[in-house]
Amino acid sequence: MSVRVRFAPSPTGYLHIGAARSALFNWLYARKTGGKFLLRIEDTDLQRSTEESTRSIIEGLEWLGLDYDEDLVFQSANAPAHRAAANRLLEGGKAYRDFTPKEQRAELSVKEDIAERARANTDQRSNPYRDLPKEESDRRAAAGEPFAVRLKVSPEGQTKFDDIVYGPQERSHSEIEDLVLLRSDGHPLYNLSVVIDDIAMGITHVIRGQDHLTNTHKQILLYEALGATVPRFAHLPLILAPNKGKLSKRKHGEVVSLTTYRDRGFVPAAFRNFLALLGWAPPEGKEVLSKEELVEYFSLEGIGRANAIFNFQENDPRRWTDDKALWMNAEYIRTMPLDELLPMVKTELRANKLWREEYDDDDSEWFRKTVDLIRQRYFTLKDFSQQGRAYFSDDFDFDEAAVNKNLRKEPRLRELLSGLADKMESVEPFNIETAEAALRAFADETGVKAGLLINGARTMLTGQAVGPSMFEIFERIGRDASVQRLRSGIPW
RNA sequence: GUCCCGUUCGUCUAGCGGCCUAGGACACCGCCCUUUCACGGCGGCGACACGGGUUCGAUUCCCGUACGGGACGCCA
């Protein structure tokens with residue numbers, strides 16, 4: 001039977017990077033096995049679900065390059081099927097009506113409620129309606145008395161399954177409550193919906209976060225009660241914050257949201273690559289992997305069991321996200337095929353009003369060479385419009401530290417650079433070699449070290465103390481603009 | 001509280017009884033390259049949580065302890 005997996009997020013906010021990784025692993029497994037990767041939006045919590053969130057999930061998957069097969073499924077559309085299944089279980093005596101009135105239920109917060117139950121240490125099979133005779137149950141229901149539907153879990157025995165990642169799992173029935181399938185208002189609950197939909201969609205492998213490991217036992221009970229084939233399960237270790245706590249938007253902000261990476265200049269392939277390495281290791285140790293290589297090497301067996309810490313420094317702008325993610329992005333930016341990078345740079349420049357249509361035709365060669373030159377030391381696509389601004393516009397800022405270090409420190413420089421400008425003005429043709437020759441000749445004539453002029457000129461031309469070889473910069477900026485910038489008094 | 005899961009360098013991880021004086025990647029440090037900064041090259045720092053077993057031999061298997069995480073809802 002061919003593999004069918006799914007990614008089933010609830011649309012209650014941005015796409016979390018942990019969820020994104022689940023999606024990636026499901027996708028990789030489907031592509032690896034020639035199976036199908038399906039997308040199901042679990043929007044049954046009407047209060048919290050939003051259309052905007054659904055959109056951002058779909059966009060996020062698209063950004064990561066995770067295409068899904070078949071039609072998108074909205075879980076809310078299947079509510080009638082979920083209710084029907086619950087009623088079937090009721091008819092078959094596998095579930096029962098719980099008439100416990102709403103008022104009797106604890107009005108506590110979730111945590112308090114759990115603590116309360118823990119203290120009470122009640123028998124999971126103690127519900128007074130569990131063994132209500134069918135006639136009475138039917139009569140009270142017919143009379144309009146509200147009821148929830150609970151699964152009747154056998155007091156004896158245990159559920160078992162062999163998790164592909166975590167190995168054999170066993171849980172005694174005595175640890176499992178008679179879970180509610182249908183709320184008293186008829187609304188189907190999560191565990192029921194998931195199982196019914198997974199059956200309907202023909203899911204063969206459920207790959208999801210480890211936080212569902214214990215839910216799995218309840219779901220298996222449902223598969224069995226329904227007489228359905230139980231799929232294989234593979235639970236993924238969790239991604240934790242630096243303090244080993246749960247990674248959450250409320251506590252950690254935008255660093256956990258996938259869209260942040262898009263907005264802050266990540267190359268999708270780089271982030272996908274980084275995500276794949278969180279909890280999974282390629283067999284031969286090669287870590288920079290294309291989409292095709294990822295698919296080729298991926299296996300569920302290669303997934304580790306320990307939770308991974310996503311390392312970032314909240315108050316350090318340079319380390320706003322994991323070091324390795326940033327490194328991976330830089331690696332992609334400097335080594336990916338130039339033709340794939342160019343459109344991304346174009347988008348970035350456009351967004352910052354630095355794009356000129358000529359870069360697409362008359363100046364396309366200039367644009368290619370310039371991007372190829374400066375990409376070598378950039379970390380994100382943002383750098384093209386920020387640190388790289390001087391390559392695309394005459395209107396750029398000067399870095400104070402660079403000005404102090406390379407210009408103000410030597411009072412004669414103002415005069416010297418103006419002289420260098422005069423010298424450059426007559427250089428023809430103007431390229432790396434001729435610019436270098438001219439600068440060195442000028443250094444000899446004036447008796448100063450070439451380095452003084454080189455560093456000074458770099459700052460005059462780019463506003464920065466660091467960057468590519470000065471002579472490459474001259475060629476990129478061009479003679480006229482170079483001369484003009486050398487004469488400019490702006491930074492002084 | 002109960003149940004479940006986990007624990008190798010700061011971080012991501014390799015390791016599935018001898019190949020381990022524990023390998024790689026990121027980060028950090030040093031040197032080389034470079035009249036800047038990166039890249040690259042070379043080198044360094046740096047880990048098997050602890051205690052018992054089993055075994056000729058444990059990072060690897062078993063038990064316990066500690067620590068961490070998860071689940072326990074008429075949320076998903």
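Residue numbers start from 1 in every chain, and the chains themselves are labelled A, B, ... in the order their sequence lines are given, proteins ahead of strands.
- rU65(B) and rA76(B) are spaced 36 Å apart, taking the C1' atom of each and rounding to whole Å.
- Among rC26(B), rG6(B), rU36(B), the nucleotide with an atom closest to any side-chain atom of Arg305(A) is rG6(B).
- For Asp322(A), taking side-chain heavy atoms from C-beta onward, the closest of the listed nucleotides rC4(B), rU11(B), rC74(B) is rU11(B).
- In this structure, CG of Asp45(A) is placed 8 Å from P of rC75(B), rounded to the nearest angstrom.
- Of the P atoms belonging to rC39(B) and rG30(B), the separation is 14 Å, rounded to the nearest Å.
- Nearest to the side-chain atoms of Glu331(A) among the listed nucleotides rG70(B), rG40(B), rC26(B) stands rG40(B).
- Residues Phe384(A) and Tyr378(A) bring their aromatic ring centres within 6.0 Å.
- With a 4.5 Å cut-off on side-chain heavy atoms, Tyr68(A) and Asn26(A) do not count as touching.
- Base pairing annotation: rU36(B) forms no Watson-Crick or G-U wobble pair, as no partner gives both donor-acceptor distances under 3.5 Å.
- The closest side-chain heavy-atom distance from Phe379(A) to Ile333(A) is not below 4.5 Å.
- Residue Arg440(A) is classed as a base contact, given a heavy-atom separation below 4.0 Å to a base.
- Using N1 to N3 plus N6-O4 or O6-N4 for Watson-Crick, or N1-O2 and O6-N3 for G-U wobble, each under 3.5 Å, rC74(B) pairs with nothing.
- Using P as the reference atom, rG69(B) and rA27(B) are 28 Å apart when rounded to the nearest Å.
- Pro283(A) comes within 4.0 angstrom of nothing in the nucleic acid, heavy atoms only.
- Backbone-only contact: Glu177(A) has heavy atoms under 4.0 Å from sugar-phosphate atoms and none from a base.
- If you take CD1 of Ile239(A) and P of rG68(B), they are 21 Å apart, rounded to a whole angstrom.
- Residue-level contact check: Ser469(A) touches the bases, meaning some heavy atom is under 4.0 Å from a base atom.
- Here the C1' atom of nucleotide rA71(B) and the CD1 atom of Ile176(A) are 12 Å apart, to the nearest Å.
- Between His212(A) and Phe233(A), a ring centre-to-centre spacing not shorter than 6.0 Å is recorded.
- One P atom belongs to rA25(B), the other to rC45(B), and the distance between them is 15 Å to the nearest Å.
- For the pair Lys244(A) NZ and rA49(B) P, the computed distance is 12 Å after rounding to whole Å.
- The side chain of Arg334(A) has rC39(B) as its nearest neighbour among rC39(B), rU36(B), rC12(B).
- In this structure, of rA76(B), rG40(B), rC74(B), it is rA76(B) that holds the atom nearest to the side chain of Glu42(A).
- Residue-level contact check: Tyr166(A) touches the backbone only, with heavy atoms under 4.0 Å from sugar-phosphate atoms and none from bases.
- For the pair Trp327(A) CH2 and rA27(B) P, the interatomic distance rounds to 8 Å; values are reported in whole Å.
- Comparing rU8(B) with rC4(B), their C1' atoms are spaced 23 Å from each other, to the whole Å.
- Under the Watson-Crick or G-U wobble criterion, with both distances below 3.5 Å, rU60(B) is left unpaired in every strand shown.
- Among the nucleotides rC3(B), rC74(B), rC26(B), the one closest to the side chain of Ala148(A) is rC74(B).
- Candidate nucleotides rU35(B), rC39(B), rC4(B) were compared by shortest atom distance to the side chain of Gln169(A), and rC4(B) ranks first.
- Across the C1' atoms, rC67(B) and rG51(B) are found 15 Å apart, a figure rounded to whole Å.
- Residue His187(A) places at least one side-chain N or O closer than 4.0 Å to OP1 or OP2 of rA76(B).
- Relative to the side chain of Lys324(A), the nucleotides rA76(B), rG24(B), rG70(B) differ in distance, and rG24(B) lies closest.
- Checked against the 6.0 Å centroid criterion, the rings of Phe298(A) and Trp280(A) qualify as a close aromatic pair.
- Summary of the strand contacts: Leu278(A) and Phe147(A) both lie near RNA chain B, and taking for each the nucleotide with the nearest heavy atom, the more 5' one is attributed to Leu278(A).
- A salt bridge links Glu436(A) and Arg440(A); the closest N-O separation between the charged side-chain nitrogens and carboxylate oxygens is under 4.0 Å.
- One P atom belongs to rU60(B), the other to rG17(B), and the distance between them is 11 Å to the nearest Å.
- Side-chain nitrogen and oxygen atoms of Arg458(A) include none within less than 4.0 Å of the OP1 or OP2 phosphate oxygen of rC37(B).
- Between Tyr391(A) and Ile477(A), the closest side-chain pair of non-hydrogen atoms falls below 4.5 Å.
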Review point. Checking side-chain hydrogen bond (donor to acceptor under 3.5 Å, both in side chains) for the pair Ser193(A)/His82(A): CA distance, chi angles, key distance, verdict?
Key: CA-CA 6 Å; Ser193(A) 300; His82(A) 303 159; 3.1 Å; yes
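- Taking side-chain N and O atoms only, Arg183(A) has a distance below 4.0 Å to OP1 or OP2 of rC75(B).
- Atom NZ in Lys409(A) sits roughly 12 Å away from atom C1' in rU36(B) (whole-Å rounding).
- Side-chain N/O atoms of Lys246(A) include one lying less than 4.0 angstrom from OP1 or OP2 on rA71(B).
- In this structure, rC26(B) forms a base pair with rG10(B), meeting either the Watson-Crick or the G-U wobble geometry with both donor-acceptor distances under 3.5 Å.
- By the 4.5 Å heavy-atom criterion applied to side chains, Asn191(A) and Asn215(A) are counted as neighbours.
- Residue contacts for Ala306(A): at a heavy-atom cut-off of 4.0 Å it reaches the sugar-phosphate backbone alone, with no base atom in range.
- When each of rA38(B), rA76(B), rC28(B) is scored by its nearest atom to the side-chain atoms of Arg319(A), the top-ranked nucleotide is rC28(B).
- For Arg171(A), the side-chain atoms get nearest to rC3(B) when compared with the rest of rC3(B), rC39(B), rA76(B).
- Residue Gly279(A) is classed as a sugar-phosphate contact, given heavy-atom separations below 4.0 Å to backbone atoms only.
- Residue Ser184(A) places none of its side-chain N or O atoms closer than 4.0 Å to OP1 or OP2 of rC74(B).
- In this entry the distance linking CZ of Phe274(A) with P of rA27(B) reads 12 Å, nearest Å.
- The CG-P distance, from Asn243(A) to rU11(B), rounds to 13 Å in whole Å.
- Residue Glu287(A) places a side-chain atom within donor-acceptor reach of the base of rG24(B), judged by atom type and a 3.5 Å distance cut-off alone.
- rU55(B) is unpaired under the Watson-Crick or G-U wobble criterion, no partner having all donor-acceptor distances under 3.5 Å.
- rC9(B) sits 12 Å from rG23(B) when the C1' atoms are compared, rounded to a whole Å.
- Base engagement by Asn215(A) is indicated by at least one non-hydrogen atom pair under 4.0 Å involving a base atom.
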